[in-house]
Every structure is written in C-alpha cells, then in structure tokens.
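Small disclaimer: the values here were computed from a predicted structure and weren't measured. Residues: numbered from 1 along the sequence shown. Numbering of ligands and ligand atoms starts at 1, following listing order.
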Amino acid sequence: MSNYDEIISPLKEKNVRLVAVSKTRPIEAIMALYALGQRDFGENRVQELCDKQAVLPQDIRWHLIGHLQTNKVKYIAEWISLIHSVDSLALLKEINKYAAKNNRIIPCLLQTYIAQEETKFGLSEEEILALLDSDEFAQLHNVEIHGLMGMATNTDNTDQIRKEFEQLARFFTQLKSTRFSKTNTFKELSMGMSSDFPIAVAAGATMVRIGSSLFSKSA
Ligand SMILES: *Cc1c(COP(=O)(O)O)cnc(C)c1O
C-alpha cells in the first residue's frame, strides 16, 4: 500500500477532502499522485503555481494556500479553484475585481489566526466579524466565502493544538449558523497538515493540506 492510500482512505471515510500540497515538488511527483486519482493540489507561491498549472492536466483543482499579494491576483483569477489564505478586505476586493473580469465567482476561505505565536498572516475573529459586517463586503458579488482556514501553533503539545483547532471549529459553526445561515456555500474548514491532521480531523476539519508525509516516500 502506498503512502497515498494510507492517508486518503481514512479521510475518504470521513468525507474530508485532501489537498495535496505540492510546493517544491517536481511535475513527475504530482503526476504520480494524479495517476492515483488525486485532483486537489495546493501551492503557496503564485509563480510556482502558475508554472505548474500551465503544464499539468486541466482538470486539476488548484488551491492557493500561502499568502497572496494583491498585485498577483490577476495571474490566478481565471482558473484558481479555492483561495485559502484571504487575510484582508483589500485582498478580497482585488480578488473580486479580477473574478468579475473573468466572469466568474472565486471561492475563498478566510485565514483565521489561531496560533499562540507571532505570525504575519491571518485575521482575528473580531476582524472577520467586522469584515463580514462591512458595507464594502456586501458589494462584492464575485467572491464567495466558503469557510475558514487556520494553522495551529508549531508545537509538540497536542493539547494546545487540539484546543486551537477546536476553537476554530467553534467559530466556524458560529458563523455558519449566524452570518451564513441563508447560504449552503459556507461549508469548508481547512485545517491540519502532515504533523497535526488527525487532530484537525477529529476537531471537524472538512479539508486537510498535506505535503511532506504524502510526498516523502513516493516519487
Ligand atoms: C506547506 C504547507 C502545508 C503542508 O505542510 P506539510 O507539513 O508539508 O504537510 C499546509 N499548509 C500550508 C499553508 C503550507 O504552507
């Protein structure tokens, strides 16, 4: 049994989508997973994402999981499947603008700050509530908020990781039953990477982003 089967089988059972994080991995390694049926791939840098998208099969669903600068939105707007890393209203406005130019609606997740460490990116719960309540947000018709994304503290303390994921899951459920109660598109909770995805799945993740443990043994 390959690494892939070991990882994907329990996820499939729980209806959790696997985003294979292919950053720094060569085309052949991506094609090896593609041949096994994997279609969701995630990258954290726009340039690398664009280079890969241009040469890989067109039915791959590409996820941007890393920080997105506003001036780079235009390069991915035509085909990006989901942007996990929306961390400002300014970015959301830019995504909306290029989505409109491409005549589409771009699904986005709001990156939520949950870790007990200094990170540059992500919004607090208060900031997310303010964003969602703003008049400007109400004007954006070419973006759709499909859920939240978060990264736990990089620590061996599994209790702390579990608490952070559970807090994010609570906030997700709260938003779902309040701000998003009239839609059914707010349904994705993207949390968990190689080191902590079982904890994330137990806490309610609908999507995990796995790189190293998926690619290390293969290709
Ligand atoms: C690299 C990365 C991952 C995957 O990390 P692994 O430890 O390789 O599984 C997940 N999410 C984000 C945002 C990343 O940048």
Any carboxylate oxygen within less than 4.0 angstrom of a Lys/Arg side-chain nitrogen, looking at [X] and [Y]?
{"X": "Arg170", "Y": "Glu166", "result": "no"}
{"X": "Arg162", "Y": "Asp196", "result": "no"}
{"X": "Lys23", "Y": "Glu48", "result": "no"}

Query raised in the report: Does the Arg209 side chain pair with the main chain of Ser190, one donor and one acceptor, at a distance under 3.5 Å?
Result: yes
Query - Reported CG-to-CD1 distance for the pair Asp5 and Ile8, which is rounded to 0.5 angstrom - result: 8.5 Å
Requested in this report: Check whether NZ of the Lys or CZ of the Arg Arg39 lies under 6.0 Å from the centre of the six-membered ring of Tyr34 and within 45 degrees of that ring's axis.
Outcome: yes
Write out each pair where an N or O from ligand 1 and one from the protein are under 3.5 Å apart, with the distance.
residue  : atom   : partner : partner atom : Å
ligand 1 : 7 (O)  : Ser212  : OG           : 3.4
ligand 1 : 8 (O)  : Ser212  : N            : 2.8
ligand 1 : 8 (O)  : Ser212  : OG           : 3.0
ligand 1 : 9 (O)  : Ser194  : N            : 3.0
ligand 1 : 9 (O)  : Ser194  : OG           : 2.5
ligand 1 : 9 (O)  : Gly211  : N            : 2.8
ligand 1 : 11 (N) : Arg209  : NE           : 2.9
ligand 1 : 15 (O) : Lys23   : NZ           : 2.8

